[in-house]
Amino acid sequence: MEDIKCGFDPVFDQNSKVLILGSFPSVKSRAVDFYYGNKRNRFWETVCSFFGEEIPDDISRKKEFLKRNGIALWDIVIKCEIIGSKDDTIKNFEVADIKKLLQNSKISYIIVNGGKAYEIFCKYYGDIEVPYIKLSSTSPANTHFTKEEWFNALSAAFGRTQ
């Protein structure tokens, strides 16, 4: 088992409407020090295309994109032991303080990115009053990903029709 790894701070502001919650940053994300750093992960392409925008080319522009579109981004696990990027090896973890984030924003919907994130989220926050949904992981390792599922959830979250 590797040493304890730390995740990233949440990206949000007081106007964030939708929280997208992953499990824990991958090795590639930790190497670039920001969410969804693996170029094969479908997160940025999916979310940016939903809003009709190009994928920002650096971290500051990605943060600006998220805030401009009312998206908060965080991981349910903020510190853990993990082997590589394998969610199923996460152990001895600390969970994010989702309730504090909700108190400091206008988040009214939570999208949980993948099964492990959803499992941990439900264990610690399953009784939360904000509506939430589990979506298939955007990870390149997930062969069941569909952009349509994500577009439908984003449409519902932002009150838009596609």
Pairs meeting criterion salt bridge (charged side-chain N to carboxylate O under 4.0 Å, His left out) with involvement of residues 55-70, two or more places apart: Glu53-Arg68, Asp57-Arg61, Asp58-Arg61, Glu64-Arg68
Looking at [X] and [Y], what are the two nearest heavy atoms and their distance?
X: Asn15; Y: Asp13; answer: N-OD1, 2.9 Å
X: Ala96; Y: Tyr125; answer: O-OH, 2.5 Å
X: Phe24; Y: Gly7; answer: CE1-N, 3.5 Å
X: Phe43; Y: Leu73; answer: CZ-CD1, 3.7 Å
X: His144; Y: Ser136; answer: O-OG, 3.9 Å

Working for side chain to side chain contact (heavy atoms under 4.5 Å, CB included), residues Phe158 and Asn69: CA-CA 9 Å; Phe158 287 99; Asn69 287 294; 5.5 Å; no
Do [X] and [Y] come within less than 4.5 Å of each other through their side chains, counting heavy atoms only?
X: Trp150; Y: Ile111; result: yes
X: Ile98; Y: Ile76; result: yes
X: Ile82; Y: Arg30; result: yes
X: Phe151; Y: Thr46; result: yes
X: Phe145; Y: Ser139; result: no
X: Pro25; Y: Asp75; result: yes
X: Tyr132; Y: Leu19; result: no

Atom [atom1] of [X] and atom [atom2] of [Y]: how far apart are they, to the nearest 0.5 Å?
X: Lys5; Y: Glu81; atom1: NZ; atom2: CD; answer: 10.5 Å
X: Ile90; Y: Ile120; atom1: CD1; atom2: CD1; answer: 5.0 Å
X: Leu66; Y: Phe12; atom1: CG; atom2: CZ; answer: 13.0 Å
X: Lys116; Y: Lys86; atom1: NZ; atom2: NZ; answer: 14.0 Å
X: Cys80; Y: Lys91; atom1: SG; atom2: NZ; answer: 11.0 Å
X: Tyr124; Y: Lys99; atom1: OH; atom2: NZ; answer: 13.0 Å

Pairs involving residues 72-98, ordered by first then second residue, that meet ring pair (Phe, Tyr, Trp, His ring centres under 6.0 Å) (sequence neighbours left out): none
All salt bridge (Lys or Arg N to Asp or Glu O under 4.0 Å) counterparts of Glu45, not counting sequence neighbours: Lys147
Mutual orientation of the aromatic rings belonging to Phe8 and Phe34 [parallel < 30°, tilted 30-60°, perpendicular > 60°]: parallel
Joint cluster assignment, Leu101 & Val95, ILVMFWY side-chain distance < 4.5 Å: yes
Side chain to side chain donor-acceptor pair (under 3.5 Å) partners for Asp97, two or more places apart: none
Listed once per pair and sorted, the side chain to side chain donor-acceptor pair (under 3.5 Å) pairs that draw on residues 32-43, sequence neighbours left out: Tyr36-Asn113, Asn41-Thr138
Residues forming a side chain to side chain contact (heavy atoms under 4.5 Å, CB included) with Cys48, sequence neighbours excluded: Trp44, Ile55, Pro56, Phe65
